[in-house]
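What follows is a short report on a single structure.
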Amino acid sequence: MQKRIAIKNHLQEIRLITQRSLIALIIMLILITLLVIRLAFLQLAKHDLYTTLSKKNWLDLVPIEPTRGLIYDRNGVLLAENLPVFSLDIIPEKNSNLAQALTDIAKLIPLSNTDIIQFQKELKQHRRFDEIPLKFRLTEAEVARFYENQYRFPGAVIKARLIRHYPLGATFSHVLGYVGRINLDELEDIDPSNYSATNYIGKLGIEKFYEDDLHGTVGYEQSESDASGQSVRVLKQIEPIPGKNLYLTLDSQLQLIAEQALADHSGAIVVIQPATGQILAMVSEPTFDPNLFVNGISNQAFQQLQQAPTKPLYNRTLRGLYPLASTIKPYIALEGLDSNSVTPQFSIFDPGWYQLPNSAHIYHDWKPHGHGKVDLNLAITSSCDTYFFALGHKMGINRIDDILNRFGFGELTGIDTGEEVTGIIASPAWKRRAKGIAWYEGDTINSAIGQGYMQATPLQLAQGIATMANRGKRLTPHLLLSEQDIGKAPAVQPATALEPVNLTNKENWNIVITALQNVMTSPLGTGYYHYGHDMPYTIAGKTGTAQVYSIKHRDEEGKSEEQEKLPETLRDHSLFIAFAPVDHPEIAIAVIAEHSKLAAGIARKILDYYFIKPANQENTKNEIH
């Protein structure tokens, strides 16, 4: 029997095909929907991101370093400038073998150990696609030699830069400070975007204190690059904003005269204009050349400066601490009068020594046989220690501390530069805290003549005598005269008043200042030797001798044969404070000459220049921008 052949079920096949087509269509619709959603997401939501990424394939955004502001003295003399130089920069990202590239470059352009060390330091601080300076101040021959071989170094470029330079070298180093390469610690404190094109930052002095004003604001350049990374054209540019120019209160000529007057002596000089608080000169000797630090000083050169016995890196005007010595006596006398502890007529007999009641210890006057009968005027004029031993004992340490604090000793002056220290105004509480022992009456006796624990900076001494010249009016000493935005007139900085020294009886100012004038003009005055003859201007001042090594007796000039026999480093420091003219003070000065007795003579040279310099020389002593 023949087998039956099954006939296809067309209806079933059509139904099956329809179902499969519908499923495929649904899947396609879902996939198309997802694709549309994804495209919409990428083109709408992520438009900015991918536009930027796309542009980075052919556009470079290059930061432009702002020009650092210039620094001038009060008369427009340039103190800090920017010099154009060529530098060789390396882009690490474009060097597959950086070590080999440096070796090959060294065969063309000499590289010192300092260059390599500085480059390695900055390599850790920058991104791999940043331009990192390898060597500054390339000569024309070095530039030409590199360009001939540039094809061998795709990651190296020659850049034209401005680099800091100090035309007067060492003269203003302690005031201006210097700029140097940015280190890791400084990177944490600065705005990285604003310093993206900058390799330098202020390290000390004015350069550091006014860094924000001097630096300016970074600019940007959007440029089109070819396949090799070379710029083809600039598409867009945001100009950097230059830093502000600063005019300082300093008189560069007076600074040079002060530096020459202190020549060959370690010490410090501060000259202030009492009426404004403006500092006209601030000298610390010895000094150093700040230009050595700009590109990165070698370790050997730095060690030589750091280990030098004269400490040229040490800013004595702000950080040097010295006994006030006899320069303290006008303030003690003023407090004695104002507290009614003494009167101008009160006198003692000075046999050359002083002894506390119920004590066997003898306190010697600098004059072995004494001054005889001494009142307050003569005590200041001849710097009688015995008188101030007695006055200090009568007043007590609290009154001594009070008047010194009111004149600003023992605290920061507030000057617009860093590194300042407070000094020490000794008290029972201070001694217990610092030494862990009690205060004795002998400590008060020593404090009354500025010895013992009392210490002050030269700047504090200058501020103190400026306040005396102003008869109690106190101003913050400052170095910034004015600052100037590009294209604008300089904006003068106003003086900042401090709490004045108010006396119960204002006549006491005249009594003490008259005595200070006698110091300079009376044959009995300790300043008479330098100022008593043919003075063309009036002056009030006070000498002082800060003991470094104790000697029992001293002769009438404040020295001794033993003093001359001592090694120089053990000899006394000499101090001198003064203001002139007496009635209308234009200038106040403090001088410290270490291991020398010449402080008063050094000050005379400076004051003579200020008041009687040659008529054909430009007179700028009162000029204020």
- request: Please determine, by modelled atom types, if Thr545 and Lys597 share a side-chain donor-acceptor pair under 3.5 angstrom.
  value: no
field: Modelled atom types, side-chain donor and acceptor of Thr310 and Ser266, under 3.5 Å
entry: no
query: Among all residues two or more places apart in sequence or in another chain, which pass the ring pair (Phe, Tyr, Trp, His ring centres under 6.0 Å) test with Tyr322?
result: His573
query: Does the Thr249 side chain pair with the main chain of His478, one donor and one acceptor, at a distance under 3.5 Å?
result: yes
- request: Could you list the residues that satisfy side chain to side chain contact (heavy atoms under 4.5 Å, CB included) with Leu598, not counting sequence neighbours?
  value: His265, Ser596, Ile602
Partner residues of Phe302 under the ring pair (Phe, Tyr, Trp, His ring centres under 6.0 Å) criterion, sequence neighbours left out: none
message: Which residues pass the salt bridge (charged side-chain N to carboxylate O under 4.0 Å, His left out) test with Lys208, not counting sequence neighbours?
response: none
task: Determine yes or no for a side-chain-to-main-chain donor-acceptor pair under 3.5 angstrom, with Asn245 supplying the side chain and Leu70 the backbone.
output: yes
- request: Check whether NZ of the Lys or CZ of the Arg Arg604 lies under 6.0 Å from the centre of the six-membered ring of Tyr531 and within 45 degrees of that ring's axis.
  value: yes
Of all pairs that satisfy salt bridge (Lys or Arg N to Asp or Glu O under 4.0 Å), the ones with a partner from residues 457-477, not counting sequence neighbours: Glu411-Arg474
query: Does Asp289 have any side chain to side chain donor-acceptor pair (under 3.5 Å) partners at least two apart in sequence or in another chain, and if so, which?
result: Asn291
message: Suppose the criterion is ring pair (Phe, Tyr, Trp, His ring centres under 6.0 Å): which pairs have a residue in residues 401-430, not counting sequence neighbours?
response: Tyr331-Phe407, Tyr331-Phe409, Trp430-Tyr453
message: Does Leu250 form a side-chain contact (heavy atoms from CB on, under 4.5 Å) with Leu479? I'd like the steps, not just the answer.
response: CA-CA 7 Å; Leu250 299 168; Leu479 289 162; 3.9 Å; yes
message: Treating Asp251 as the side-chain partner and Leu280 as the backbone partner, does any N or O pair qualify as donor plus acceptor under 3.5 Å?
response: no
- prompt: With distance as the sole criterion, is a donor-acceptor pair present between the side chains of Glu420 and Thr413 under 3.5 Å?
  reply: yes
message: Can you confirm if the aromatic rings of Phe288 and His174 lie within a centre distance of less than 6.0 Å?
response: yes
field: By ring pair (Phe, Tyr, Trp, His ring centres under 6.0 Å) - contacts of Tyr363 (at least two apart)
entry: His361, Phe389
Result of checking Tyr166, Tyr178, Tyr200 against Glu207 for side-chain hydrogen bond (donor to acceptor under 3.5 Å, both in side chains): Tyr166
Sequence neighbours excluded and cut-off under 3.5 Å, please list the side-chain donor-acceptor pairs for residues 483-505, or say none.
| unit_1 | atom_1 | unit_2 | atom_2 | d |
| --- | --- | --- | --- | --- |
| Gln484 | NE2 | Lys488 | O | 2.9 |
| Gln493 | NE2 | Ala491 | O | 3.2 |
| Asn505 | OD1 | Glu507 | N | 3.0 |

query: Is the backbone N or O of Ser252 less than 3.5 Å from a side-chain atom of Asn75, with the two atoms forming a donor-acceptor pair by type?
result: no
field: Donor + acceptor pair across side chains of Tyr537, Asp608 (<3.5 Å)
entry: yes
statement: Residues at least two apart in sequence or cross-chain that pass side chain to side chain donor-acceptor pair (under 3.5 Å) with Trp509, listed by chain then number, are none
statement: Residues passing the side chain to side chain donor-acceptor pair (under 3.5 Å) test with Glu81, sequence neighbours excluded, are His165
- prompt: Is there a donor-acceptor contact under 3.5 Å linking the side chains of Ser383 and Thr526?
  reply: no
message: When you measure from the side chain of Asp365 to the backbone of Thr386, do you find a donor-acceptor pair of N or O atoms at a distance under 3.5 Å?
response: yes
- line: Ala275 and Leu475 have their tightest heavy-atom pair at O-CD1, 3.3 Å
- line: Applied to residues 325-344, the salt bridge (Lys or Arg N to Asp or Glu O under 4.0 Å) test, sequence neighbours excluded, yields Lys329-Asp385, Glu335-Arg399, Glu335-Arg406
message: I'd like to know if the side chain of Thr287 reaches the main chain of Ser173, judged simply by a donor and an acceptor atom lying under 3.5 Å from each other, with no hydrogens or angles considered.
response: no
